[in-house]
Student: 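Take this structure, written in structure tokens, and hold onto it; I'll ask about it next.
In what follows, chains carry the letters A, B, and so on, assigned in the order in which the sequence lines appear, proteins first and then strands, with residues in each chain numbered from 1.
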There are 2 protein chains.
Amino acid sequence: MTRTIKVLLAEDQSMVREALAALLGLEDDIEVVVQVARGDEVLPALREHDVDVALLDIEMPGATGIEAAALVHAELPAVKLVVLTTFGRPGYLRGAMEAGADAFLVKDAPASQLADAVRKVLAGERVIDPTLAAAALADGANPLTDREREVLRAAADGSTNAELATVLHLSQGTVRNYLSTAIQKLAVRNRAEAVRIARDKGWL
Amino acid sequence: MTRTIKVLLAEDQSMVREALAALLGLEDDIEVVVQVARGDEVLPALREHDVDVALLDIEMPGATGIEAAALVHAELPAVKLVVLTTFGRPGYLRGAMEAGADAFLVKDAPASQLADAVRKVLAGERVIDPTLAAAALADGANPLTDREREVLRAAADGSTNAELATVLHLSQGTVRNYLSTAIQKLAVRNRAEAVRIARDKGWL
DNA sequence: AGGGCCGTATGACATCTGTCATCCGGCAGT
DNA sequence: ACTGCCGGATGACAGATGTCATACGGCCCT
């Protein structure tokens, strides 16, 4: 063995974060040198610590793990990126790959895959679940335009058309047009279903 | 010290489950003797293993941690129950307490609280987050009737009134009446908001 | 220069949703 | 016996939502 692999761990839930650190701590060749709880703390932390692999949860306050990955990839390309998530959404996988991630793991995979992935990305390999990769390819890209996505996202909490129009600085008719096209593209019958399936695919 | 505390760990996401096991494994006086990934595997596992404390996640397939807790409390009252959850929803806390739980922890609490809680419940103490307890009391009990809850739950995926009527064997008008009263009880303006806040409070 | 897509907007229309009044039968409490 | 609540239902009405045709300016690609 050469030397220990230095890891940054980004995950907002303390208990899970520290548990994952404990898990990685069981490996002789891996050392968690820094932990953060927010997406926007990832890059600053990496500037201050010498890290080989960054392990990023997606759902975090401040910035998502995918957004953080994109920033790190641009500024510190030598750092390997492992994206970890609760939800194996095809759109997440696609987003992570486009952001320069080297591995994509779901949290219901066996724990052993975590340390494995860390070693593999450091060796230059990429690690992705083949089933999820297939699903991502089958689904194709996000069919929604930026505006449609914004409106759908804003509509997700049950806001009315009038509220959406105010918040987004659009006319009510335009809001309805966007929602209507989104509903058609997703092949569903109302905004609530549209929100559900867009969220499910990781397109929101 | 007397002897090691034997723990059952129930959590569906393997990576998190094994990470939590690793975390607890760092404690000299605690031993995870059995792990399960489904709510309906908890009671059978407890029948076969001698366990002091059961650690139950809420969101699990098969049965929720709260449902599992109620069954265990009825059949094996000697087993102490720690309910662990991602979402600190007041209704969850209330439900867990009514099911006989001895402790209620949220996953974004510091990791140290986990082992602490295990020791405390074994000593006969109860462990709950005071902030959450206050919120649960402030919110009062779930104001929805069984039927209103069922209809709201069924409506959560964006189903239309006609579909709800068919699935629930009700007339369309009745479906609308239930949704209407639910909307008023929750003081919101449409079903989508009603679903969101009911879910948020843990009333769904 | 023209075609295509996007963002934005309007008006008209049909349908869905939410509210309200009112009704019935059953059951629990007084 | 009476009251109140729940489950269930109907009909009428107002307002919200979804669809469609149509329009215009901007931008990219050919």
Side-chain angles (χ1 to χ4, degrees), chain A residues 91 94-95 98 139-204, chain B residues 91 94-95 98 139-204:
Chain A
R94 185 178 291 263
E98 285 171 5
D139 275 351
N142 188 338
L144 304 174
T145 68
D146 284 358
R147 268 334 226 167
E148 285 159 3
R149 224 173 42 248
E150 273 181 68
V151 176
L152 202 52
R153 206 185 303 130
D157 65 356
S159 295
T160 169
N161 282 336
E163 290 168 341
L164 296 175
T166 307
V167 174
L168 302 169
H169 305 292
L170 292 172
S171 85
Q172 254 191 72
T174 304
V175 168
R176 290 198 291 170
N177 288 151
Y178 285 144
L179 287 174
S180 183
T181 59
I183 287 166
Q184 287 173 73
K185 284 181 180 174
L186 300 176
V188 295
R189 275 189 324 303
N190 56 51
R191 63 182 69 193
E193 275 191 359
V195 166
R196 188 170 58 83
I197 94 107
R199 186 174 274 155
D200 215 73
K201 301 254 187 196
W203 288 343
L204 250 193
Chain B
R94 185 178 290 264
E98 285 170 6
D139 277 351
N142 188 337
L144 305 173
T145 68
D146 285 359
R147 268 335 226 167
E148 286 159 3
R149 224 173 42 248
E150 272 181 71
V151 176
L152 203 52
R153 205 183 304 130
D157 66 354
S159 295
T160 169
N161 282 335
E163 290 168 340
L164 295 175
T166 308
V167 173
L168 300 170
H169 305 292
L170 292 173
S171 85
Q172 257 192 69
T174 303
V175 168
R176 291 197 290 171
N177 287 153
Y178 284 143
L179 287 174
S180 183
T181 60
I183 287 167
Q184 287 173 74
K185 285 182 180 174
L186 300 175
V188 295
R189 277 192 319 307
N190 56 51
R191 62 182 70 192
E193 277 190 0
V195 166
R196 188 169 59 82
I197 93 106
R199 186 175 273 155
D200 216 72
K201 301 255 187 194
W203 288 342
L204 251 192

Student: Looking only at heavy atoms, what is the nearest atom pair of B/Ala154 and B/Ser159, with distance?
Tutor: O-OG, 3.8 Å
Student: Going 5' to 3' along DNA chain D, between which two nucleotides do contacts with chain A fall, using a heavy-atom cut-off of 4.0 Å?
Tutor: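 Endpoints of the contacted stretch of DNA chain D: D/dT17 to D/dC20.
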Student: State whether B/Gln184 places a side-chain N or O below 4.0 Å from either non-bridging phosphate oxygen (OP1 or OP2) of C/dC20.
Tutor: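 So the side-chain polar atoms of B/Gln184 do come within 4.0 Å of the phosphate oxygens OP1 or OP2 of C/dC20, strictly under.
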Student: Donor-acceptor pair, distance only, cut-off 3.5 Å: does the side chain of A/Asn190 make one with the backbone of B/Gly158?
Tutor: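 Yes; at least one donor-acceptor contact below 3.5 Å.
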Student: Between C/dT15 atom C1' and B/Asn161 atom CG, what is the distance in whole Å?
Tutor: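 Those two atoms, CG and C1', are 12 Å apart.
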Student: Any side-chain to backbone donor/acceptor pair from A/Thr160 onto A/Glu163? Under 3.5 Å, distance only.
Tutor: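 Answer holds: no.
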Student: Without decimals, in angstroms, what is the distance between A/Arg149 CZ and C/dG7 C1'?
Tutor: 14 Å
Student: Nearest whole Å is fine: how far is C/dA9 C1' from A/Gln172 CD?
Tutor: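 Spelled out: CD on A/Gln172 to C1' on C/dA9 is 13 Å.
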Student: If I take atom CG in residue A/Leu144 and atom P in nucleotide C/dG7, what distance separates them, rounded to the nearest angstrom?
Tutor: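 In whole Å, C/dG7 P and A/Leu144 CG are 11 Å from each other.
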Student: Have a look at B/Arg176 and say if it touches a base, only the backbone sugar-phosphate, or nothing, with a 4.0 Å heavy-atom cut-off.
Tutor: base
Student: Rounded to the Å, how far apart are B/Arg147 CZ and C/dG26 P?
Tutor: 17 Å
Student: Indicate yes or no for a side-chain donor-acceptor contact from B/Glu193 to the backbone of B/Arg189 under 3.5 Å, with no hydrogens or angles considered.
Tutor: yes
Student: For B/Tyr178 and for B/Asn190, locate the closest nucleotide of DNA chain D by heavy-atom distance; then report the residue assigned to the nucleotide nearer the 5' terminus.
Tutor: B/Tyr178
Student: Rounded to whole Å, how long is the line connecting atom CZ of B/Arg189 with atom P of C/dT19?
Tutor: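 These atoms are roughly 10 Å apart.
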Student: C/dT8 C1' sits how many Å from A/Asp146 CG, rounded?
Tutor: 15 Å
Student: Ignoring hydrogens and angles, tell me if any N or O in the side chain of A/Glu98 forms a donor-acceptor pair with the backbone of A/Gly95 under 3.5 Å.
Tutor: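 No: the side chain of A/Glu98 does not pair with the backbone of A/Gly95.
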Student: Between atom CD1 in B/Ile183 and atom C1' in C/dT19, what is the gap in whole Å?
Tutor: 10 Å
Student: Which is true for A/Asn177 with a 4.0 Å heavy-atom rule: it touches a base, it touches only sugar-phosphate, or it touches nothing?
Tutor: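 Since a base atom lies under 4.0 Å of A/Asn177, the category is base.
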Student: Let me check something: any side-chain donor-acceptor pairs from residues 194-204 of chain A under 3.5 Å, sequence neighbours excluded? List them with distances.
Tutor:
from, atom 1, to, atom 2, distance (Å)
A/Arg196, NE, B/Asp157, O, 2.8
A/Lys201, NZ, A/Asp139, OD1, 2.9
A/Lys201, NZ, A/Asp139, OD2, 3.4

Student: Nearest to the side chain of A/Ser171, heavy atoms from C-beta on, is which of C/dC16, C/dA9, C/dT8?
Tutor: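 The closest nucleotide is C/dA9.
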Student: Going through the checks in order, is the side chain to side chain contact (heavy atoms under 4.5 Å, CB included) test met by B/Leu144 and B/Glu150?
Tutor: CA-CA 10 Å; B/Leu144 305 173; B/Glu150 272 181 71; over 6 Å; no
Student: So, is B/Ser180 close to the C/dT19 phosphate, meaning a side-chain N or O under 4.0 Å from OP1 or OP2?
Tutor: yes
Student: Taking 4.0 Å as the cut-off, does a side-chain nitrogen or oxygen of A/Thr174 come that near to OP1 or OP2 on C/dA9?
Tutor: yes
